[in-house]
Amino acid sequence: MAVRTVLALRALGLGDLLTAVPALRALARAFPGRRRILAAPRGLAPLALHAGVVDVVQDTRPLAPLDRALHRADLAVNLHGKGPQSRCLLAAARPRRLISFGGDGPEWTPDEHEVARWCRLLRESGISADPTDLDVARPARPVPAVAVGATLVHPGAASGSRRWPVERFAAVARAERAAGRHVLVTGGPDEVGLARSLGELAGLPNEAVLAGRTDLLDLAALVAAAGRVVCGDTGVAHLATAFRTASVVLFGPVSPELWGPPPDRPWHRALWAGRSGDPHGDRPDPGLLEIHVSDALGALYGLDSARAAA
């Protein structure tokens, strides 16, 4: 079958996009010169295009019917979930070939890392994919001079169950300042209040709180320039992986074996108490609360030596 158009569905968030980068690159290698379309939220388009994994991003809401412009693709790949909803959405768009878990496709494995899962889907469908192909080039965006080598603290997350208490983030920020490092606080437009609270508790100057003042590529450039990142299980953790920026990631209801940084990169440290919970809960997960400030600081202090050794 001659393939001219490749459509991938991944209408989710920032971390979801970045964990799909190896699979999207595999499709690009398998079908060079073909038009590659990603069905995903509009806000992710700048990063997806910067990473070079697709040619076009078609604004798509989670599990919403696909725009008619996406119908009749030569190849459609379901990188969204196990279905049947996502699989039926793509099937309704009448692609010439559909690759998806379920139906006649490969079998879904629950306890599988998100990056490995989508690469396996492609491999078992006859397309070579490398789950280690995670790196993204640093965006050509200016950053404040103090951002270079700074400690970037990102207290937000998509759900309350994955948000470490702001007081603990502030304690980490104070310790980093006491160690002579610049500290910056980032966050999205809906996390400005949280970031400002952290800044006040940590005694940071107003200009150190950048939440709500950056677009996605600005945020990516800040993560790429930073010396280390401290955050929860959220998209910024995957940005740190993509740019090989040392990081300490605090996991609560979800195991890092499913969503964490690659274990072969010792400059990324994933902290987890070892028990799972509701990833969509409103309150901090009990396991997340078992991670203390001393745990985060101990992991931070070991990052430089781990990266030097690697």
Side-chain angles (χ1 to χ4, degrees), residues 13-15 17-18 21 42-53 57 134-157 166 169-170 172-250 261 265 267-269 296 299-301 303-304 306-308 310:
L14 173 59
L17 168 65
L18 290 166
V21 161
R42 175 187 296 114
L44 298 177
L47 185 61
L49 296 174
H50 166 75
V53 293
V57 176
L134 289 160
D135 295 349
V136 175
R138 174 178 172 173
R141 290 286 182 97
V143 298
V146 295
V148 179
T151 298
L152 188 149
V153 181
H154 188 91
V166 66
F169 275 117
V172 170
R174 288 195 300 270
E176 287 293 278
R177 286 193 79 196
R181 298 188 177 104
H182 291 291
V183 176
L184 299 178
V185 182
T186 57
D190 57 344
E191 296 168 340
V192 173
L194 177 65
R196 287 178 177 169
S197 295
L198 193 162
E200 291 172 4
L201 290 169
L204 300 176
N206 291 336
E207 58 269 23
V209 179
L210 300 177
R213 295 159 52 189
T214 59
D215 63 21
L216 180 54
L217 285 184
D218 291 333
L219 174 62
L222 287 169
V223 172
R228 58 206 58 78
V229 170
V230 185
C231 64
D233 173 19
T234 189
V236 166
H238 298 284
L239 283 174
T241 296
F243 299 125
R244 292 180 174 254
T245 301
S247 64
V248 172
V249 186
L250 312 168
R265 300 186 185 192
W267 56 88
H268 300 299
R269 293 289 309 279
L300 268 174
Y301 296 154
L303 288 180
D304 289 340
R307 180 142 203 174

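For the atom pair CG of Leu210 and CG of Leu219, the computed distance is 9.5 Å after rounding to the nearest 0.5 Å. Taking CZ from Arg269 and CG from Leu300, the interatomic distance works out to 9.5 Å, rounded to the nearest 0.5 Å. A distance of 4.0 Å separates CG of Asp135 from CZ of Arg244, quoted to the nearest 0.5 Å. Of the inter-residue distances, the one linking Arg265 atom CZ with Thr241 atom OG1 reads 6.5 Å to the nearest 0.5 angstrom.
For the salt bridge (Lys or Arg N to Asp or Glu O under 4.0 Å) condition, no pair includes a residue of residues 143-155, sequence neighbours left out. Residue pairs satisfying the salt bridge (Lys or Arg N to Asp or Glu O under 4.0 Å) criterion with at least one member in residues 232-243, sequence neighbours excluded, are absent.
Remark: Pro205 pairs with Arg177, Glu207, Ala208 by the side chain to side chain contact (heavy atoms under 4.5 Å, CB included) rule, at least two apart or across chains. Scanning for side chain to side chain contact (heavy atoms under 4.5 Å, CB included) contacts around Pro144 gives Val146, Ala147, Leu222, with sequence neighbours left out. For Val21, the side chain to side chain contact (heavy atoms under 4.5 Å, CB included) partners two or more places apart in sequence, or in a different chain, are Leu18, Arg25, Val53. Judged as a salt bridge (Lys or Arg N to Asp or Glu O under 4.0 Å), and not counting sequence neighbours, the contacts of Arg228 are Asp304. Listed by chain and residue number, Arg141 satisfy the salt bridge (Lys or Arg N to Asp or Glu O under 4.0 Å) test with Asp215 (two or more places apart in sequence, or in another chain).
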Distance-only donor-acceptor pairs under 3.5 Å for side chains of residues 181-198, two or more places apart:
residue : atom : partner : partner atom : Å
Arg181  : NH1  : Glu176  : OE1          : 3.1
Arg181  : NH1  : Glu176  : OE2          : 3.1
Thr186  : OG1  : His154  : ND1          : 2.8
Glu191  : OE1  : Gly188  : N            : 2.8
Ser197  : OG   : Gly193  : O            : 3.0

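Heavy-atom minimum distance, Gly43 versus Leu216: O-CD2, 3.5 Å. Between Phe243 and Ala220, the shortest heavy-atom distance links the atoms CE1-O, 3.3 Å. Nearest heavy-atom pair, Ala48 versus Val57, reported as atom, atom and distance to 0.1 Å: CB-CG2, 3.9 Å. Of all heavy-atom pairs between Ala225 and Arg138, the closest is CB-NH2, 3.7 Å. Looking at every heavy atom in both residues, Ala221 comes nearest to Pro139 through N-CG, 4.0 Å. Residue Ala246 comes nearest to Gly227 through the heavy atom pair CB-O, 3.7 Å, listed as atom of the first residue, atom of the second, then distance.
In this structure, Leu239 and Leu47 have side chains that are in contact, with non-hydrogen atoms separated by less than 4.5 Å. Inter-residue side-chain proximity for His268 and Val249 is flagged as unmet; no heavy-atom pair is nearer than 4.5 Å.
Counting non-hydrogen atoms of neighbouring residues, nucleotides and ligands closer than 6.0 angstrom, the CZ atom of Arg213 exceeds 12 such neighbours.
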